[in-house]
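Here the structure comes first, spelled out in structure tokens, and everything after it is commentary.
The analysis underlying the following values was restricted to heavy atoms, covering all of them including side chains, and did not include hydrogens, waters or symmetry mates.
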Amino acid sequence: MPEHVELDSVDWLILEELQNNATLPNRTLAERVGLAPSSCLQRVRRLRERGVITGSHIDVDLAATGLRLEAIVAMNVRPQTRQVISQFREFIMAQPETQSLLHVSGQADFLLHVAVEDPQHLQRFLVDKLAPRTEVRHFTTSIVLEKIRTRALSPPKHLRPKRRRRS
């Protein structure tokens, strides 16, 4: 896990813009954050080198690909050993239905987000792939009715920089 990196207001603006559109050309990004293109590029490189920006991605409309049904599966796994958890995680992440997996505290041990074609596909996934796993002790499934995404990460008020750092 990277150490805490001190960010100024321009860094936060860059992060916000890139989270909203990771394909922004550098010139456009520079205009939006009020920097010269060379300075903006230097800042983005520094954010990558320091581990603040860890990658880029695109959003895919799952329904447009034929995966019209999404579900969240809350699971309990036993025994809670590193080996069991590691093997379980590896298995789940290898499944084409898997969108994301969260290892959590609370009532469930894992929350699994899956995308499937239809209820029959979901049933096959649960009955044929998940239920036979000996480490899976219990699971409940909730169908996603609506997915609302948050806007880009912005700094909490107490972390908002008061001044701009020089490039």
Side-chain angles (χ1 to χ4, degrees), residues 1-67 70-75 77 80-116 125 129-130 133 135 142 144 146-167:
M1 182 177 222
E3 291 183 34
H4 172 76
V5 176
E6 190 172 328
L7 304 173
D8 68 15
S9 58
V10 176
D11 292 331
W12 279 105
L13 285 172
I14 290 170
L15 292 174
E16 186 171 23
E17 291 294 335
L18 290 177
Q19 286 177 99
N20 285 323
N21 183 355
T23 65
L24 270 180
N26 183 61
R27 184 172 304 282
T28 305
L29 177 61
E31 288 172 12
R32 290 186 182 179
V33 301
L35 289 176
S38 59
S39 296
C40 186
L41 187 59
Q42 193 175 40
R43 290 246 189 173
V44 172
R45 282 184 182 145
R46 186 171 45 228
L47 289 167
R48 286 184 191 282
E49 289 167 0
R50 295 168 124 185
V52 176
I53 297 175
T54 58
S56 302
H57 77 280
I58 60 169
D59 288 323
V60 175
D61 182 340
L62 293 171
T65 68
L67 301 173
E70 294 180 67
I72 304 295
V73 184
M75 299 171 283
V77 172
Q80 283 279 330
T81 65
R82 288 198 186 277
Q83 182 180 6
V84 168
I85 289 170
S86 177
Q87 290 172 349
F88 176 72
R89 189 171 43 225
E90 189 175 311
F91 166 77
I92 291 295
M93 294 311 294
Q95 303 310 305
E97 295 86 355
T98 298
Q99 295 298 300
S100 63
L101 178 67
L102 301 170
H103 190 184
V104 297
S105 65
Q107 198 166 23
D109 298 319
F110 289 92
L111 296 176
L112 170 63
H113 174 206
V114 296
V116 294
F125 175 79
K129 291 183 177 181
L130 196 58
R133 301 289 301 189
E135 70 272 27
S142 300
V144 174
E146 181 180 24
K147 183 166 53 176
I148 303 166
R149 295 193 181 250
T150 61
R151 63 182 183 85
L153 173 71
S154 54
K157 284 189 187 279
H158 73 283
L159 291 179
R160 288 192 184 138
K162 308 242 185 301
R163 61 183 166 72
R164 183 173 151 186
R165 187 178 64 217
R166 287 195 162 328
S167 295

### T98 side chain vs I92 backbone, donor-acceptor pair below 3.5 Å
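A pair under 3.5 Å: yes.
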
### Task
Kindly say whether L15 contributes a backbone atom to a donor-acceptor pair with the side chain of Q19 at under 3.5 angstrom?
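Yes: the side chain of Q19 pairs with the backbone of L15.
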
Only counting residues at least two apart or in another chain, list the ones meeting side-chain hydrogen bond (donor to acceptor under 3.5 Å, both in side chains) with [X].
X: Q80; result: D109
X: T23; result: N21
X: E135; result: R133
X: E97; result: H121, K129

Kindly write out the residues that satisfy side chain to side chain contact (heavy atoms under 4.5 Å, CB included) with [X], not counting sequence neighbours, or none if the list is empty.
X: S100; result: H113
X: A108; result: A74, L111
X: T65; result: V60, L67

Supply the atom-to-atom distance [X] [atom1] to [Y] [atom2], rounded to the nearest 0.5 angstrom.
X: R89; Y: M93; atom1: CZ; atom2: CE; answer: 9.5 Å
X: K147; Y: E70; atom1: NZ; atom2: CD; answer: 3.5 Å
X: I53; Y: I14; atom1: CD1; atom2: CD1; answer: 7.5 Å

### Minimum-distance pair of heavy atoms, taken over all atoms of A22 and H57
CB-O, 4.1 Å

### Query
Where do V114 and Q99 come nearest, in terms of heavy atoms and distance?
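Taking V114 first and Q99 second, the nearest heavy atoms are C-CG, 4.2 Å.
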
### Query
Taking 4.0 angstrom as the limit, do D8 and R43 come out as a salt bridge?
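Salt bridge between D8 and R43, a charged N being under 4.0 Å from a carboxylate O: yes.
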
Min side-chain heavy-atom separation [X]-[Y] under 4.5 Å:
X: L47; Y: L7; result: yes
X: L130; Y: Q95; result: no
X: R149; Y: D59; result: yes

### Set of salt bridge (charged side-chain N to carboxylate O under 4.0 Å, His left out) partners for R45, sequence neighbours left out
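Result, salt bridge (charged side-chain N to carboxylate O under 4.0 Å, His left out) vs R45: none returned.
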
### Query
ring pair (Phe, Tyr, Trp, His ring centres under 6.0 Å) with F110: which residues, sequence neighbours excluded?
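Per chain and number, F110 pairs via ring pair (Phe, Tyr, Trp, His ring centres under 6.0 Å) with F88, H103.
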
For residues 26-38, please give each side-chain donor-acceptor pair under 3.5 Å, one per line with the distance, not counting sequence neighbours.
from : atom 1 : to  : atom 2 : distance (Å)
N26  : OD1    : L41 : N      : 3.4
N26  : ND2    : P37 : O      : 2.8
R32  : NH1    : E17 : OE1    : 3.0

